[in-house]
Amino acid sequence: MKIFYFAWLRTKIGVPSETVDLPAEVKTVGALVDWLKTRSPKHAEALANSKVVKVAVNQEHVPYDHPIEPGDEVALFPPVTGG
Amino acid sequence: MKIFYFAWLRTKIGVPSETVDLPAEVKTVGALVDWLKTRSPKHAEALANSKVVKVAVNQEHVPYDHPIEPGDEVALFPPVTGG
Amino acid sequence: MAIRVQAEDFDVGAEYAALTRGRSSIGGVTLFSGLVRDMAGGAAVSAMTLEHYPGMTEKQLEAIEAEARRRWPLDDVLIIHRYGRLEPGDQIVLVATASAHRDAAFDSCRFLIDWLKTKAPFWKLEATPDGERWVEAKDSDDSAAARWDP
Amino acid sequence: MAIRVQAEDFDVGAEYAALTRGRSSIGGVTLFSGLVRDMAGGAAVSAMTLEHYPGMTEKQLEAIEAEARRRWPLDDVLIIHRYGRLEPGDQIVLVATASAHRDAAFDSCRFLIDWLKTKAPFWKLEATPDGERWVEAKDSDDSAAARWDP
């Protein structure tokens, strides 16, 4: 599964995207975020405060209980600040 | 005293303005409107419904109890419809 | 910046450019333009003539602008209102406000057009297939303006 | 009419002209443009870089436009949002709506910019004398968008 990072999540984690092999038990957005935290201290720090970690699945905003499936396009980013 | 008329007050009365010699007892906008009604049947008809006869004195919107004085610029017109 | 009451058309792009040129304190510009519609009250409108009260018009628009500047932190205000004969599609009025803040730009622009519609001495005469008719004031315009009462 | 996400600047006058040209059903156009300010949160801003999520941005803006058209009778809608490096005074975003009715034009334009600020995946990086900093989301933007909740 490919994960995209934007804004300060990208700069803190250090890469704009990465491809991960998800364990079968990771079935929701919330579980994915928790699992990503275990990948490195940088991930852990960047993802520490879930209130400012927003998630899109297939380019739609979704809550943490949203299911994820192989082939989904997943992106993590801070609250948006455009306009 | 010079009185200006605008929009359908102008077309109903038939002139854009007229100069009148006000009796001394006409001291307010309301008294002026009542007095103007006596000048002709056209005046009476045009000014019949005071709800749609608005008055400006010296280019400011004023209520009917506003005083008038010699030398004032007085205008009568329907509710505005610009913009 | 300016109150202009004129028969001539105006160029929204040029006015917008003049409002923003060389300024970096502005966070947002809200602009409203009113145009002549080809339909009104169910009737086809072939032309519209705007009568106004020269002198009082400028005075009222200046008072409205001053009130907007008193209520909101504005970098600039522009009001242009035309008079004379106009046809469907023609521009009637332009109101533009510039502020550091988006809410101030939006609120002040709407305040100006709402107030202008109930205070500025303009009257519209529409030409329809049944002849000419003076446009009647709308209660909705009064209530729109009343929103802004202190 | 259009959603455009682009690095290039836009010409408000040309966009306004395209929106209104040859149309006589439009009674009012409301337009909002957002610009880069030279000050933010008390600090001087020398530049701003807008990052976005290509693909999702367009999708979100299209959804926002569709929602506006569902809620108001609109003749046209235009949203342009830039990305990349901008400087104070530069234009960031343009939202324009055209309707037979002034209230619909005003409400829909404000709805679009309020929603865009909370839904469209853009992030601002400011360059200040203390270095670069990511702009934080404002609670006021969330509450502005919440006004429009059904």
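Residue numbers begin at 1 in each chain, while the letters A, B, ... track the order of the sequences. This structure is a prediction, so every number in the text was calculated from the model and none was measured.
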*asked:* Can you give me the closest heavy-atom contact between D:Cys109 and D:Val95, atom names plus distance?
replied: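 Looking at all heavy atoms of both residues, the shortest contact is SG-O, 3.6 Å.
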*Nearest non-hydrogen partners of C:Leu86 and C:Ile92, listed with the distance*: CD1-CG1, 3.9 Å
*Kindly write out the residues that satisfy side-chain contact (heavy atoms from CB on, under 4.5 Å) with D:Ala44, not counting sequence neighbours, or none if the list is empty.*
D:Met39, D:Pro129
Can you tell me how far apart [atom1] ([X]) and [atom2] ([Y]) are? Round to the nearest 0.5 Å.
X: C:Ile79; Y: C:Leu112; atom1: CD1; atom2: CG; answer: 4.5 Å
X: D:Leu94; Y: D:Phe10; atom1: CG; atom2: CZ; answer: 5.0 Å
X: D:Leu78; Y: D:Leu19; atom1: CG; atom2: CG; answer: 6.5 Å

Below 3.5 angstrom, are there any donor-acceptor pairs between chain D and chain C, and if so, which atoms and how far apart?
| residue | atom | partner | partner atom | Å |
| --- | --- | --- | --- | --- |
| D:Tyr16 | OH | C:Ser33 | OG | 2.8 |
| D:Tyr16 | OH | C:Gln91 | OE1 | 2.6 |
| D:Ser24 | O | C:Asp38 | N | 2.8 |
| D:Ser24 | OG | C:Asp38 | OD2 | 2.9 |
| D:Gly27 | O | C:Leu35 | N | 2.9 |
| D:Val29 | N | C:Ser33 | O | 2.9 |
| D:Val29 | O | C:Ser33 | N | 2.9 |
| D:Leu31 | N | C:Leu31 | O | 2.8 |
| D:Leu31 | O | C:Leu31 | N | 2.8 |
| D:Ser33 | N | C:Val29 | O | 2.9 |
| D:Ser33 | O | C:Val29 | N | 2.9 |
| D:Ser33 | OG | C:Tyr16 | OH | 2.8 |
| D:Leu35 | N | C:Gly27 | O | 2.9 |
| D:Asp38 | N | C:Ser24 | O | 2.7 |
| D:Asp38 | OD2 | C:Ser24 | OG | 2.9 |
| D:Gln91 | OE1 | C:Tyr16 | OH | 2.6 |
| D:Arg102 | NE | C:Asp114 | OD1 | 3.3 |
| D:Arg102 | NH1 | C:Asp141 | OD1 | 3.1 |
| D:Arg102 | NH2 | C:Asp114 | OD1 | 2.9 |
| D:Arg102 | NH2 | C:Asp141 | OD1 | 3.3 |
| D:Asp103 | OD1 | C:Arg110 | NH2 | 3.0 |
| D:Asp107 | OD1 | C:Arg110 | NH1 | 2.7 |
| D:Asp107 | OD1 | C:Arg110 | NH2 | 3.3 |
| D:Arg110 | NH1 | C:Asp107 | OD1 | 2.7 |
| D:Arg110 | NH2 | C:Asp103 | OD1 | 2.9 |
| D:Arg110 | NH2 | C:Asp107 | OD1 | 3.3 |
| D:Asp114 | OD1 | C:Arg102 | NE | 3.3 |
| D:Asp114 | OD1 | C:Arg102 | NH2 | 2.9 |
| D:Asp141 | OD1 | C:Arg102 | NH1 | 3.2 |
| D:Asp141 | OD1 | C:Arg102 | NH2 | 3.3 |

*Tell me, side chain or backbone of D:Ala100 under 4.5 Å from chain C's heavy atoms, or both, or neither?*
both
_Under 4.5 Å from a heavy atom of chain C, the part of D:Val36 involved_ =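 It is the backbone, since no side chain atom gets that close.
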*Would you sort out whether C:Val5 and C:Phe122 count as a side-chain contact (heavy atoms from CB on, under 4.5 Å), showing the intermediate values?*
CA-CA 11 Å; C:Val5 182; C:Phe122 287 95; 4.1 Å; yes
*When heavy-atom pairs shorter than 4.5 Å are enumerated against chain D, which of C:Gly28, C:Ala98, C:Gly13 gives the highest number?*
C:Gly28
